[in-house]
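The figures that follow rest on heavy atoms only: side chains count, while hydrogens, waters and symmetry mates do not. Computed from a predicted structure; not experimentally measured.
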Amino acid sequence: MAAELTAHQLIAEHRPTLDQALEAIRTRAYWSPHPEHPKAYGEDGSLDMAAGKAAFDALLGTRLDLGQPGTDGFVGGEVSPYGIELGVEYPHADLDVLLPAMKAGQKAWRDAGAEIRAVVCLEILKRISDRTHEFAHAVMHTSGQAFMMAFQAGGPHAQDRGLEAVAYAYVEQVRTPDTAEWTKPQGKRDPLALTKQFTPVPRGIGLVIGCNTFPTWNGYPGLFASLATGNAVLVKPHPRAVLPLALTVQVARDVLGEAGFDPNLVALAAERPGEGIAKTLATRPEIRIIDYTGSTEFGDWLEANARQAQVYTEKAGVNTVLVESAGDYKGMLSNLAFSLSLYSGQMCTTPQNLLIPRDGIRTDEGPKTFDEVVSDLARSVDGLLGDDARANALLGAIVNPDVKARLEAAAGLGEVALASREIVNPEFPGAVVRTPVVVKLDGAKPDDQAAYMSECFGPVSFAVAVDSAADAVELLRRTIREKGAMTVGAYTTDEEVEQAVQEVCLEEAAQLSLNLVGGVYVNQTAAFSDFHGSGGNPAANSALCDGAFVANRFRVIEVRREA
């Protein structure tokens, strides 16, 4: 088809946004082009709210035919954690047909250059942003996130992370000039003179293996990092969370075609029930980059077996908060209660272990015993979630039966300080909604160690009694080193303890938040400023987003000629 989007149009519209993103990653200051509030879309937001819900409803029970080569049937079967069947069908691909078709468009995409690739990616993100309300419902009904979280995390925050990856990709590609004139003096003889040309070339096809809980937030960085560096991208969604990424692929294919490129540069690989195509795809020779978020077991398998590919993984960790003392005790409890409750603890950044000296802590309200700290935290969670409407808005729904089983089993691991309770969602009676459980454990007991040294994904936290602040610091070190951590938090008014915790996090490569008592939480990160993961401990081998996340998705090839 003829190009409908010219290079000039794309650069004129999106280069200013790219420049702002480049400045944001340089300064690490707050910036986002994507509004967080639903009413920011449209004149007053109401039209977009209604239109977005109508667009989502119109998708239910339909077939999403993407026009991909090699489609040999259609698959579906998603059921919302809120209890409704989506009934959407997606193309199933014959990989022997689809993968060669994806490679065919790479030459023109490579030759377009870093700037054109960047602005095409930004046009894709803009069109996704324009449909944020629709995407929010798709994320909500595949992940179980409550609507407001699905809107923000699945919409603007995910789009920010995609744009951030494009900005880093652009920086790394233009670091080397397109051409250079090279002259080497030879004394009395004529100098040696060469003209050198440098071209960023893609590795091949990138594979994005999506996750159930954050399909767009975790999917967009790898998708846009690979696409912006010249690679075709095959998106393999989690079978319970296909719709948000299928819509993303649909938008990307439309934009690529309108910009004069092969739409097959982005494609979807949906799977039949039980087919398990991730392993098959991950070891195919055409797949040269893999982005994965999920279990440690499969992440380790990818790192060990996908030898032909550059593999970027975000796996599991045991996130820890050390509580030694508190300058704002109520603020600490409130902040922790929210962190434990948000999205039913189904975030890779949610705190699991709270390390508290068994002799208690110093606070601005006087000394508090271990039992008092834990019971006060339990009351804070109860207060936060005491109103069912507010609880539903914070907790969302349990994403799958495995999380529910872990939650129910946790009560048998130790003394329950806060029991989980069932909440009814009147709008979605089929939703499984549970408040968090907090269990007391003894840091010195081997049986208790087995519990708190394993990730228990979901609304489960352990209050672990330790002998001293020094013991807490060493247990923190051991946990990060052996199990990894996406986040670490600490509360202390002691400068020596603060320095000790900071040193552990620097040595073991874990991202640290100190004394958070306001509206910023340990399980939240801001694109363009915060790093999500570090790539330096077992929880993840990469960080969102830094230069290392994008730089090895392409290589620079040099052509030399006599001047």
**Asked** Out of curiosity, Thr280 OG1 to Lys236 NZ, how far, rounded to the nearest 0.5 Å?
**Response** 10.5 Å
**Prompt:** Hey, are Asp402 and Arg406 close enough for a salt bridge, meaning a charged N less than 4.0 Å from a carboxylate O?
**Reply:** no
**Asked** Below 6.0 angstrom between ring centroids: does that apply to Phe214 and Tyr343?
**Response** yes
**Prompt:** Under 3.5 Å, is there a donor-acceptor pair between the Gln346 and Ser143 side chains?
**Reply:** no
**Message:** Can a donor-acceptor pair be found, under 3.5 Å and without considering hydrogens, that links the side chain of Glu271 to the backbone of Gly276?
**Reply:** yes
**Request:** May I ask you to decide whether Arg477 forms a salt bridge with Glu508, counting only side-chain N to carboxylate O separations under 4.0 Å?
**Result:** yes
**Message:** Are more than 12 heavy atoms, taken from residues, nucleotides or ligands other than Glu372, located less than 6.0 Å from that residue's CD atom?
**Reply:** yes
**Request:** Using the side chain to side chain contact (heavy atoms under 4.5 Å, CB included) rule, pick out the option among Leu394, Leu342, Leu340, Leu333 that qualifies with Leu384.
**Result:** Leu394
**Request:** Evaluate the side chain to side chain donor-acceptor pair (under 3.5 Å) criterion for residues Thr349 and Thr487: first the C-alpha distance (whole Å), next the side-chain angles of each, then the deciding distance (0.1 Å), finally the verdict.
**Result:** CA-CA 6 Å; Thr349 50; Thr487 57; 5.6 Å; no
**Request:** Run the salt-bridge test on Glu408 and Lys404 with the 4.0 Å N-O cut-off and return the result as yes or no.
**Result:** yes
**Prompt:** So, for Phe549 and Tyr312, is the gap between ring centers shorter than 6.0 Å?
**Reply:** yes
**Message:** Please determine whether a side-chain nitrogen of the Lys or Arg among Arg362 and Glu324 lies less than 4.0 Å from a carboxylate oxygen of the Asp or Glu.
**Reply:** yes
**Prompt:** Can you tell me how far CG of Leu234 sits from OG of Ser226, rounded to the nearest 0.5 angstrom?
**Reply:** 11.0 Å
**Prompt:** Would Asp376 and Arg379 pass as an ion pair if we require N to O under 4.0 Å?
**Reply:** yes
**Side chain Asn319, main chain Cys348, donor-acceptor under 3.5 Å** = yes
**Message:** Would Arg131 pass as a cation-pi partner of Phe56, given that its NZ or CZ must be under 6.0 Å from the six-membered ring centre and within 45 degrees of the axis?
**Reply:** no
In residues 415-425, what donor-acceptor pairs under 3.5 Å come from side-chain atoms, sequence neighbours left out?
residue: Ser420; atom: OG; partner: Thr435; partner atom: O; Å: 2.5
residue: Arg421; atom: NH1; partner: Asp388; partner atom: OD1; Å: 3.4
residue: Arg421; atom: NH2; partner: Leu385; partner atom: O; Å: 2.7
residue: Arg421; atom: NH2; partner: Asp388; partner atom: OD1; Å: 3.3
residue: Asn425; atom: OD1; partner: Glu427; partner atom: N; Å: 3.0
residue: Asn425; atom: OD1; partner: Phe428; partner atom: N; Å: 3.1

**Message:** Aromatic contact between Phe147 and His137, with the criterion being ring centroids under 6.0 Å apart: yes or no?
**Reply:** yes
**Message:** I'd like to know whether the aromatic ring centres of Tyr452 and Phe462 sit less than 6.0 Å apart in this structure.
**Reply:** no
**Fill in**
CG (Asn212) and CD (Glu78) are apart, to the nearest 0.5 Å, by 9.5 Å
**Prompt:** So does Lys39 pair up with Asp48, basic N to acidic O under 4.0 Å?
**Reply:** no
**Message:** Regarding Glu134 and Lys53, does a basic nitrogen lie under 4.0 Å from an acidic carboxylate oxygen?
**Reply:** no
